[in-house]
Amino acid sequence: MNDPIVSRLNEVKKLSWKIHAFCVILNTIIVFLAFAIILRFLGIPAIIALCPAIIYLMIDVIYRIHRTNVIRSIVIRYPSLNERLQTAYDNRNVRNIIVESLVKDVSRRMDRIWYSSFLDTKEVISRTILTVILVFIFLSINFINIEDLGFNFHGLIRDFLDQIENLTGFDIVRDNGFQWEEEEKFESKNRVDEDTLGGKSGGELPGINEGPIPGFGGGVGEESNPDIYGEASSAKIAGKEIDMEVHPEYGGEIEIKDVEEEEIRGKFSRNLKGKSSEIPEQDPVWARELIRKYFQSLQNILEEEE
Amino acid sequence: MKKGFQSKIGGSIWKMKETNEGREKEQISLIDIPNEREDIKRVYHKMKDIYNDILYEMKRVIAGQEKVIEQILVAIFTRNHALLEGFPGLGKTLMISTLSEIMDLDFKRIQCTPDLMPSDITGTYVVEERDGRKIFKFEKGPVFTNILLADEINRATPKTQSALLEAMQERQVSVGTSTYPLDKPFFVLATQNPIEMEGTYPLPEAQTDRFLLKILVDYPSMEEEDRIVDLYTGETVPKTRKIIGKEKLLAIQELTRKIPIANEVKEYALNIVTKTRPITDGTAKKYLDYGASPRATIGLVLAAKARALINGRNYVSKEDIREMAYPVLRHRLILNFESERKGITTDDVIGEILKEV
């Protein structure tokens, strides 16, 4: 058996896998960062970018396992070994003077193989640079508030979709369930019935628009839901961003965690009580009854606590 | 990669290596294979020189025709027979007789004619008087030689041609109830010319298949012909010297079969031969009635091995397969009527197939 050839090939195989592993990891990082940046722009948590990164990792590993041929990878870099190496390997169990001389010849030529030749330096450098750039972009968008820069991503998408709608006549926004602020109100009109405590635009919790009127981002989901508390969400109070949690087990208690300042914990203040009559009459007639019921139930809860 | 290689290296001999600067000596190691014969080892390490020396001696008599000489040697080194086709006066007979001189082999020639009988080739029983008694004695025919030149084989009758069949295939002759083995090595190098087809008996497919190669001898170039004129119009007739004997030739024949071949290259040869069979759509179906047999595949791989050895390589390359595909396949492919009408040759079809594979 031509052990020298087999052992040399194993050596190259190990090296090749190390290089492949490095490339796969680098590519996966790039995919993760690219998706994370896109998701960050869309306002979706960046951690979701792990999914495409893991899928890419698996596909790349499977592809490389199937495609990696050590002999071919050597032959590409060292054409003089082309048929010699393949022949020596295929005849590794043959023992005669010619095969032995071939093995000796191939071994001598393989001694001149450089480890570095298996590393595509151009590719590695370009990907490393790309990774650094993506890391920089990712960190930047995490530290800089995009809206502060006057960049309205949602507005851009909406304008873009509007233009497509105008060109094609196809209602992309509605057909794809893409909802905007004005339309959300319209949608909740159709969907929320009398028993529903919260709709798409209505909710118990204060939203982005602070005040007694529930705003965008606050409240429970689109479908009817008896749980009026929901999960923690961010909100702005007097221009200050806060973290707020409402725990059902505490009754009406809410937990307000200031982003910069110390944690505030307490009951709803008396003066937070609202009356339906204080609400500006800008809502449609059909919603008045719903809003009235909403504040009535809130009032009842507070009174029961007292 | 710089780790030590535990090779079993024995003594060393000097090997001539051809470089741009000329011939230089290169010390090479003899690889110690316990069961390998010493003569095989020595012949292997001198193989390239042997071929170069044969070529050098041939060039003293024959001008040009390197490819033809190479192909004849391929047939000899693979223990096979070759059919040479070319116009009269191109030196086919001279080439073969010169080769037999260089190899120090017994050489006999048969001029095939329609009245040639099988016994004229194989031999016959003659009555001999010994100690006052008359006994039958087998008188060996010209087939009992090392190199048999069957000149203009297509002029012999099919009966006589078939007498060569057993000798070529079995390397033995059966006369009556007795069987006589032929000398080793044994080759039939037959010639035929493509013109004057009247009164000829074209070789049947079964017989042409027994020739490993069909070698086309073409006209020499202007420069080559100029040399031929110089060679044969001077005062002295060029002479050759012996380069290898029977033993060395037998060792070379053994070595030829030891040449390793990569699976990929073997598959390449298989693909070429398979593509000549008109079973699927493609070139073969378009131009051919019959394709090559598995004997052609064996022949193609063997011929490629011999070519690799001649060129001093210890492995078979695809180039060897491509190069040998023409002489191995050209007499095994039967063109259809349409191809013959259009004047397409088997070489054209082989060329097409090689492009496809």
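Values in this document were obtained by computation on a predicted structure and should not be read as measured data. Per chain, numbering begins at 1; letters A, B, ... match sequence-line order.
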_Whether over 12 other heavy atoms sit under 6.0 Å from A/Phe35 CZ_ = no
*Is it true that a side-chain atom of A/Asn91 and a backbone atom of B/Ile261 form a donor plus acceptor pair closer than 3.5 Å?*
yes
_Less than 4.5 Å to any heavy atom of chain A: does that hold for the side chain of B/Ile259, its backbone, both, or neither?_
both
*To the nearest 0.5 angstrom, please state how far the NZ atom of B/Lys305 sits from the CD1 atom of A/Ile98.*
8.5 Å
*Is there side-chain contact between A/Leu102 and B/Pro260, with heavy atoms separated by less than 4.5 Å?*
yes
*Side chain A/Asp90, main chain B/Asn263, donor-acceptor under 3.5 Å*: yes
*Spacing of CG belonging to A/Asn96 relative to CZ belonging to B/Arg257, to within rounding of 0.5 Å*: 13.5 Å
*CD on A/Gln86 to OG on B/Ser317, rounded to 0.5 Å*: 13.5 Å
*Could you walk me through whether A/Ile97 and B/Leu255 pass the side chain to side chain contact (heavy atoms under 4.5 Å, CB included) check?*
CA-CA 9 Å; A/Ile97 187 172; B/Leu255 275 172; 4.0 Å; yes
*Taking atom CZ of B/Arg295 as the centre, report whether more than 12 heavy atoms of other residues, nucleotides or ligands fall under 6.0 Å from it.*
yes
*Using modelled atom types only, decide if a donor and an acceptor are shared between the side chain of A/Glu83 and the backbone of B/Lys318 within a distance under 3.5 Å.*
yes
*Pairwise side-chain contact, A/Thr87 with B/Val316, heavy-atom cut-off 4.5 Å (strictly under)*: no
*asked:* Check B/Lys258 with A/Glu100, please: is the shortest side-chain N to carboxylate O separation under 4.0 Å?
replied: no
